[in-house]
Visitor: 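Before I ask anything, let me first share the structure, which is written out below as structure tokens.
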Amino acid sequence: MKLNHFSLAIFCLLITAVSCKNTSDNQQNTSQSSEQKSKPNILVIFADDQGTFDTNAYGSKDLETPNLDRIAHEGTRFTQFYAAAPVCSPSRASLLTGKYNQHARLFGNVAPPHADPAYKSGLPTEEITMAEVFKADGYETGLIGKWHLGHSPEKLPNGQGFDYFFGHQRGCIDNYSHFFFWDGPNMHDLYRNDEEVYYPGQFFGDLMVDEVKKFTAPEKEDPFFVYWAINMPHYPYQGKPKWLEHYKDLPSPRREYAAFISTYDEMIGEILDHLEATGQLDNTIIVYQSDHGHSTEERAFFGGGNNGPYHGAKFCMLEGGIRVPAMIRYPKAVPANEARNQMANSIDWLPTLAELTKTTIPNKGDIDGKSLMPIIKDKNAPSQHDVLHWATGDPEATTNSWAVRKGDWKLLGNPWDSEKELEIGEDDKLYLVNMAIDSTETTNVAKENPEILQELLQLHKEWNKEMIELKHQSK
């Protein structure tokens, strides 16, 4: 009997120990799960070819944009915010890496596969993307919409940190046939991850909304990071009939463009309502930005967008090409209904989101972006950038456009106006403006300010020299 009692005592002790361990493990797992779920979700909405003033919150008087305005009014908007490049692929590379596009070794638009069968162009796989940063921190990462950053497996979304991809790989598609129409061959371009999928006749905007809703379903365990790269209002202008009717009295091409703006504003509203209905809205950081200014290309009816008082549009370094609407909503850390006029750039979103989510950026010392939280918290804080750079094309070429800004001074090299409003002559290869008194860039004051001209020119030369060295290192 003594042996049995002793055995029973030992057994009870073992059961208690195992139970305690299991309880401890469960508490730890619950704690880890709770900690993981407490991290805010992230929704980055990146519009395509939207003009500087094309929301009511930025001054438009002829558009209906209640959902974009909601983000602005419930968050903080920026009035002197710049795209990192005035064209699609470089701008996207900068957003995702937190680097100037030249630094990320993406010098121009990525060629479609039939024009680049060796897949040489694209964002180098060595670059660390937003998706890779947040995936390493436990986020489920998804891209819905437009890619345009490469076509080999390692350069497609699933090779650049995205767990899930639904959208088109090339620069634009028809929103109903989902074909990439260019010089030919005209290619169907709609994928789920690496599988080509077919939804002929269904509006791509509606497909994107459904995909975003599914990816952000509340029952998922991990927080989500969604890069919603809306392919609008990029041509072809295909606004829904209700909005074409609504804007029927506007002249063309403003009518077609406006209908497309309100179409995707309504799509954004569906997602805001979905997040609110599922109790996720206030725990989701929402960033909105256009990739650059509006298009004046033939396929865009030679315009339609509104850049307010600024000159330039897509492709050029004038303000109308790179100054864009940008805003952030997150009630837990971002003040509502406020504006910030400090100079900022799309390279800043990665470190800003990392700070808000307490996420480590593995290459933080190598990126060019700065967290915007100091200026979000304090409207009187200085810009986080002393100097900003822009350039596209081969850094060794001498005829490409570029720009550098330091404080109120902006220097443009080889400038041109894609709206064809400014008269830029042979004497304007170096074009200096004082943004404090001439934000419309109408007057070149290079001759009157030779010392400032040389200072900014030297800043550009030193930076460009570094970009050339990086280019050769990557070969």
Visitor: Does a donor on one side chain and an acceptor on the other come within less than 3.5 Å for Glu419 and Asn307?
Guide: yes
Visitor: So do Thr392 and Phe107 actually touch side chain to side chain, heavy atoms under 4.5 Å?
Guide: no
Visitor: Quick check, are the ring centers of Tyr139 and Phe225 under 6.0 angstrom apart?
Guide: no
Visitor: Checking side-chain contact (heavy atoms from CB on, under 4.5 Å) for the pair Thr52/Glu319: CA distance, chi angles, key distance, verdict?
Guide: CA-CA 9 Å; Thr52 313; Glu319 293 292 285; over 6 Å; no
Visitor: Between Trp349 and Tyr288, is the ring centre distance below 6.0 Å?
Guide: no
Visitor: Is Lys406 atom NZ crowded by more than 12 heavy atoms from other residues, nucleotides or ligands, each under 6.0 Å away?
Guide: no
Visitor: Answer yes if the side chains of Asn175 and Asn231 hold a donor-acceptor pair under 3.5 Å, and no otherwise.
Guide: yes
Visitor: Just to verify, what does Tyr431 make a ring pair (Phe, Tyr, Trp, His ring centres under 6.0 Å) with, not counting sequence neighbours?
Guide: none
Visitor: Which of these, Tyr199, Phe204, Phe181, sits in a ring-ring contact (aromatic ring centres under 6.0 Å, His included) with His168?
Guide: Phe204
Visitor: State whether Arg255 and Asp249 are salt-bridged, where the test is any N-O pair (Lys NZ or Arg NE/NH1/NH2 against Asp/Glu carboxylate O) under 4.0 Å.
Guide: no
Visitor: Testing the 3.5 Å rule here: is there a donor-acceptor pair between the side chains of Glu441 and His311?
Guide: no
Visitor: Which heavy atom of Ser418 sits nearest to which heavy atom of Gly312, and what is that distance?
Guide: OG-C, 4.0 Å
Visitor: Regarding Gln238 and Asp174, is there a side-chain donor-to-acceptor distance under 3.5 Å anywhere?
Guide: yes
Visitor: Do Trp228 and Val44 have side-chain heavy atoms sitting under 4.5 Å apart?
Guide: no
Visitor: So which heavy atom on His292 is nearest to which on Gly321, and how close?
Guide: CB-O, 3.4 Å
Visitor: Any non-hydrogen side-chain atom of Thr97 less than 4.5 Å from a side-chain atom of Leu123?
Guide: yes
Visitor: Pair Trp243, Phe260 - check ring-ring contact (aromatic ring centres under 6.0 Å, His included), show working.
Guide: CA-CA 8 Å; Trp243 290 112; Phe260 217 16; over 10 Å; no
Visitor: Please find the pair of heavy atoms, one from Gln342 and one from Pro382, that lie closest to each other, and give the distance.
Guide: CG-C, 4.2 Å
Visitor: When you check the side-chain N and O atoms of Asn414 and Ser401, is any donor under 3.5 Å from an acceptor?
Guide: no
Visitor: Is any side-chain heavy atom of Glu455 closer than 4.5 Å to one of Leu411?
Guide: no
Visitor: Could you work out, with salt bridge (Lys or Arg N to Asp or Glu O under 4.0 Å) as the rule, every residue matching Glu132, not counting sequence neighbours?
Guide: none
Visitor: How close do Ala229 and Arg92 get, counting heavy atoms only, and between which atoms?
Guide: CB-NH1, 3.8 Å
Visitor: Any salt bridge between Glu469 and Lys471, counting N to O under 4.0 Å?
Guide: no
Visitor: Any non-hydrogen side-chain atom of Leu457 less than 4.5 Å from a side-chain atom of Leu430?
Guide: yes
Visitor: Quick one: closest heavy-atom pair of Ile286 and Ile71, and the distance?
Guide: CG2-CD1, 4.1 Å
Visitor: Can you see whether Asn56 engages Thr65 through a side-chain donor-acceptor pair at a distance of less than 3.5 angstrom?
Guide: yes
Visitor: Mind checking whether Glu196 and Leu190 have side chains closer than 4.5 Å, heavy atoms only?
Guide: no
Visitor: With a 4.5 Å cut-off on side-chain heavy atoms, are Thr443 and Glu448 touching?
Guide: no
Visitor: After noting the C-alpha distance and the side-chain angles of Lys410 and Asp438, does the key distance pass the salt bridge (Lys or Arg N to Asp or Glu O under 4.0 Å) rule?
Guide: CA-CA 10 Å; Lys410 180 180 174 184; Asp438 184 20; over 6 Å; no
Visitor: Taking the six-membered ring for Trp and the single ring otherwise, decide whether the centroids of Phe203 and Tyr176 are under 6.0 Å apart.
Guide: yes
Visitor: Ignoring hydrogens and angles, state whether a donor on the side chain of Ser262 or Tyr247 is under 3.5 Å from an acceptor on the partner side chain.
Guide: yes
Visitor: Please report the interatomic distance CE(Met343) to OG1(Thr79), rounded to the nearest 0.5 Å.
Guide: 12.5 Å
Visitor: Are more than 12 heavy atoms from other residues, nucleotides or ligands located less than 6.0 Å from atom CG of Asp386?
Guide: no
Visitor: Over all heavy atoms of both residues, which pair between Cys172 and Trp182 is shortest? Give the atoms and the distance, please.
Guide: SG-CZ3, 4.0 Å
Visitor: Could you list the residues that satisfy ring pair (Phe, Tyr, Trp, His ring centres under 6.0 Å) with Tyr237, not counting sequence neighbours?
Guide: Tyr257, Phe301
Visitor: Kindly assign one of parallel, tilted or perpendicular to the pair Phe81 and Phe78, based on the angle between their ring planes and the thresholds 30° and 60°.
Guide: tilted
Visitor: Can you tell me if Glu298 has over 12 outside heavy atoms packed within less than 6.0 Å of its CD?
Guide: no
Visitor: Please confirm whether Arg77 makes a cation-pi placement over Tyr58, using NZ or CZ under 6.0 Å from the six-membered ring centre and within 45° of the ring normal.
Guide: yes
Visitor: Could you tell me which residues satisfy ring pair (Phe, Tyr, Trp, His ring centres under 6.0 Å) with Tyr82, sequence neighbours excluded, listed by chain and number?
Guide: Trp390
Visitor: Between Glu297 and Tyr235, do the side chains contain a donor N or O and an acceptor N or O under 3.5 Å apart?
Guide: yes
Visitor: Could Glu127 and Arg105 be called an ion pair, given the rule that one side-chain N must be under 4.0 Å from one carboxylate O?
Guide: yes
Visitor: Can you tell me which residue pairs pass the ring pair (Phe, Tyr, Trp, His ring centres under 6.0 Å) test with a partner in residues 395-414, sequence neighbours excluded?
Guide: Trp402-His460
Visitor: Identify whether the distance between the nearest side-chain nitrogen and carboxylate oxygen of Glu462 and Lys465 falls below 4.0 Å.
Guide: no
Visitor: Could you tell me if Glu396 and His472 have a donor-acceptor pair between their side chains, going purely by distance under 3.5 Å?
Guide: yes
Visitor: Are the charged groups of Lys370 and Asp348 less than 4.0 angstrom apart, N to O?
Guide: no
Visitor: List in chain and number order the residues that pass ring pair (Phe, Tyr, Trp, His ring centres under 6.0 Å) with His188, two or more places apart in sequence or in another chain; answer none if no residue qualifies.
Guide: Phe179, Tyr198
Visitor: Does the side chain of Lys314 come within less than 4.5 Å of His294's, by heavy atoms?
Guide: no
Visitor: Do the side-chain N and O atoms of Ser89 and Asn109 include a donor-acceptor pair separated by under 3.5 angstrom?
Guide: yes
